[in-house]
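Read through the structure below, which is laid out as C-alpha cells, and then see the notes.
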Amino acid sequence: MSALELVSVAVATPLYRLFDYLAPAAMHARLQPGVRVRVPFGKRTVVGVVVEPPRSSSPGDFKYRPPLALLDETPLLSADLLELLRWAAQYYQYPLGRVIEAALPGPLRRGNAARDSSPVWVRLSVAGTTAKPPSRAHRLLGLLDELAQGPRPDDALDSGTLRKARDKGWIEDCHAPPAASGIAADAPQPSAAQCDVLRELRAARGFTVSLLEGVTGSGKTEIYLQVAADALSRSQQALILAPEIGLTPQLVSRFEARFPGRVAPFHSGMSESQRAQSWLAARDGRADIVIGTRSAVFVPFRQLGIVVVDEEHDASYKQQEGFRYSARDTAVFRAQQWKAPVILGSATPSLETLANGRAGRYRHLRLPQRVHRTAPPRIDLVDARGQAMSHGLTSSLLATTEKHLSAGGQVLLFINRRGFAPALLCRECGWVAPCKRCDARMTLHRSRSRLICHHCGYETVVPQQCGKCQAHALAPVGQGTERVEDALRERFPNHRVERFDSDRVRRAGELERLLRDVASGDIHILVGTQMLAKGHDFAGLSMVGIVSVDQALFGVDFRALERMGQLVVQVAGRAGRGTEAGEVLLQTHEPQHPKLRTLVEHGYGAFADELLAERVGSGLPPASHLALLRAESLDAAAAMRFLHDAKAGLKAQAGARRGVAALGPVAAPMERRAGRWRAQLLLQAEKRAPLQRALSAWVPGLGDLPSARKVRWSIDVDPVDLY
DNA sequence: AGCACGCCGACT
DNA sequence: GTCGGCGTGCTC
C-alpha cells in the first residue's frame, strides 16, 4: 500500500462527475464510502461524501489536494443508502453530489456531528418536591407544577427558568421515560374486507408491490397500522409516505396513538434540526416508524420491513424542480433493496400503477366498502347549457345547496381556481389583461384589489380602463373561489360561508382552526380548491358541488383528464353523513363528453381503463417512457438553439439512441413565462433500458455545449406534465 | 452553482 | 483616472 491514496468524493455541484483527493496514510482506514469530508474546492471549502473505497495513487497524481478534515468516524451514509442515492442520481440524471445534498437534513449537509441531540429530560429532585419559591416567581412555580406531573423534555421548557431551578437544586436530569413497548391495545377488530386484504399481504414473502385500492373511509389506514405492527413485531421498521404536510399530522397521531413513542415524523414543516434528529433516530433504530412527505424516502433505516405510499397517485410525490425524483417510484426501489413489501394506497390509482397491476407486476387488492357508510356517492351531472347562471353557479346547483342547508347539512363547493376571476375582459374591443412577463392572463383578486399572474407572481393594480381602446368597460370573466364565495354569501346571508384556498389559509394552524369550525357545525358552506379534496373527513357534509371541470376536458396536457377524474372522485368522496350517502353534483357545459360520462356512470376504474387504452394508442405513458429536456432563456432563440444542438448530439451517439425517439424541440405550451422563453425536447422510448442508456451517454455532456451557456436547462425523467 | 479573472462604460 | 457590468473558465 502506498503512503498516499486517492478517494472519490461527491460534491454538491452541477457537474456530472466526482472529485478525487489525495489522502495521507493516517486517514486511509477511515475513508470508507459514506464518510463525510471537508475538502477544498476551487476557492471554497465544502462538505463532500466519500463514495468509493480509497485506491492507490500513482506518481502522476500530484495535482490532487488533500481533504482538510474527516467528519465521521463511521460512515454517515450506510452502504444501502449510498446505493439508493447512486441509483437515483443515475435514474433521474442528476449529479450525485446534489442528490446527496437533497437527501441530507441541513445540519448533516453542513457537516455537523451526527450525534443524538434529542432533548435532555428533567424531573423534580427530592428538594424540588418540597421547594417553596416566592409566590411572585410565577415561571418557577409553573415549572415545578408541570414537573410534579412527571418528567418533561427540556426543549419544551423555558431555558432561563430551568437554569434557576437547577441552581437551587430543585430539578435534575433523568432519562426519557421508556417508550411504551409493543402496541397500545385499542386496535379495532378489522372488518371482513380488511381481514382479506391483511391475509393477502401477510402471505407475501420478500419484495412485493401491492396496490391497495380503497375509497376514503374504507379503512386503508388501519391496514397500514396492522402491517406496521407486523414489521415491528419482527423487529423491523416501517416507512410511511404521505403527499402533504397537511395530511401528516392526522396520520402521525393515529400511528402515535397505536405505537406510543416509536414514531418519527419527517416533513418540511419541521425544523432542520428536528429532521436531523428523526433521520438519525431511524438510522440508529431508535425510531421504528418514519412518517413523512416526499423527502422522507431518503431517510436511512437499520432494518426496513415495510413501505407504504399513501395516495400514491398524488402529483406532489414528484419533485418539480432541481432533483426531479418521484418519491413513489424511489420507495418501490427501496423496498426492493430491503426485500420488503410495499403498499401503494389510493382510491384513484395512477394509470402507471394500474397498468403495473394489469400486467401482473403489482398485486391489486381492494377495500370495496366504506366502513361506516353505505353506498359510495353517486355523481349527477348538471347540464349548465342554457341555464341561468349566477357567478358560475346554475340555479339547480343553488337550489340543491339550499335544500341541503335547510335540512341542516353542510355543503362543499369545489373550484380548482383561486382568485375572483381568471380574466379581465374589455367588453368594447375584446382585450384581456395580459401578464407582461408570461403568455398568460392576469387573475383578478378582488379582495386585494390586484391583478396577479398565477404563473410568475407578477402583480398590478386593477386597471380602470382597457389597455388597448381605453374604454371603461372592463369586466371579470369566469370564476374563482373568491367570486363563488361572494355569490354564496349574498344568496345565503344567514349561513356562514368560508373559503379554503392558499390565499385564505396562509399560516400554519389556520386550516386546523377552520376545520374545527366545520366540525362544530359553525361553517355551513365550504368553498375551496383541491385543498379540500384530500384527507379531511367532514362528518356533516351532505352535499358536494363541483363548479367546473370543463378546462380539463380540453386541456393541453396528456394527464389533464386523469387528474380531473382523480380530483372529482376524491372531492365526491367527502360527501355523506353517517350512514346516509351524500349528494354530488357536477356542473358542466359538456354533459355529453364521453370520458365524463364513463366516469360518472361506470366509475373511476372504467374511466381509467379507457384512458389507459388511449395511452397505448398514442404511445404515451405508461405505454411508453418519457424524458423531457427543458430549456429557458431571456433570449428568445437561445433555448431553441440549445435544444437543437442537444438533439444533434444525441443523434451523433450512434448506438446509444436505438429504441429512443427524439421529438422536437418545440416551444413550451406556455412559451414565455416570468420573462423567459421556454422550449422542450421530448425523448420517448418503449422500454426503460434504452432510454436510460441514451440519457447516461448524453446528459452529462449537455452542459459542455457552447449553446448551454446562455440557457437554464434541466432534464425531467418520467415527467408528470409537459409544461 | 459559486467564484475569480478580464476587458469596456459612467462616476467621485 | 477608478467602480462595476456580465462573458468565460474552472472546480480534484
Original post:
Checking all strands, does A:Leu15 fall into the base, sugar-phosphate, or nothing category for heavy-atom contacts under 4.0 angstrom?
Top reply: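 The residue A:Leu15 makes base contact.
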Original post:
Hey, does A:Tyr64 reach any base, or is it just sugar-phosphate, or nothing, if we go heavy atoms under 4.0 Å?
Top reply: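 It contacts base atoms.
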Tell me which nucleotide among [options] gets nearest to the side chain of [X].
X       : options              : result
A:Lys63 : C:dC12, B:dC3, C:dT8 : C:dC12
A:Pro14 : C:dG9, B:dA1, C:dC12 : B:dA1
A:Arg65 : C:dC12, B:dA4, B:dA1 : C:dC12

For the pair made of [atom1] in [X] and [atom2] in [N], what is the distance, rounded to whole Å?
X        : N      : atom1 : atom2 : answer
A:Leu18  : C:dT11 : CG    : P     : 15 Å
A:Leu22  : C:dT11 : CG    : P     : 16 Å
A:Asp704 : C:dT8  : CG    : P     : 15 Å
A:Leu705 : C:dT8  : CG    : C1'   : 16 Å
A:Tyr16  : B:dA1  : OH    : C1'   : 13 Å
A:Arg17  : C:dC12 : CZ    : C1'   : 6 Å
A:Asp20  : C:dT11 : CG    : C1'   : 13 Å

Subject >> Distance in Å, A:Asp645 CG paired with A:Leu702 CG, rounded so as to fall on 0.5 Å steps >> reply: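 Result: 10.0 Å between the selected atoms.
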Subject >> Reference residue A:Tyr325; test ring-ring contact (aromatic ring centres under 6.0 Å, His included); the match among A:Trp87, A:Tyr91, A:Tyr94, A:Phe298 >> reply: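 So the option named by the test is A:Phe298.
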Subject >> Earlier contact from the 5' end, DNA chain B, for A:Arg98 and A:Lys43 >> reply: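 Checking each residue's closest nucleotide, the 5'-ward one belongs to A:Arg98.
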With a 3.5 Å cut-off and no angle check, do the side chains of [X] and [Y] form a donor-acceptor pair?
X        : Y        : answer
A:Thr293 : A:Glu244 : no
A:Gln319 : A:Arg294 : yes
A:Ser8   : A:Asp20  : yes

Original post:
Near DNA chain C, under 4.0 Å by heavy atom, which residues of residues 29-42 of chain A?
Top reply: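 Close to the strand are A:Pro40, A:Phe41, A:Gly42.
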Subject >> Partner of A:Glu632 under salt bridge (Lys or Arg N to Asp or Glu O under 4.0 Å), chosen from A:Arg672, A:Lys710, A:Arg673, A:Arg712 >> reply: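 The salt bridge (Lys or Arg N to Asp or Glu O under 4.0 Å) with A:Glu632 is passed solely by A:Arg712 among A:Arg672, A:Lys710, A:Arg673, A:Arg712.
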Original post:
When you check the gap from the basic side-chain N to the acidic O, do A:Asp501 and A:Arg418 get nearer than 4.0 Å?
Top reply: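 Answer for the salt bridge query: no.
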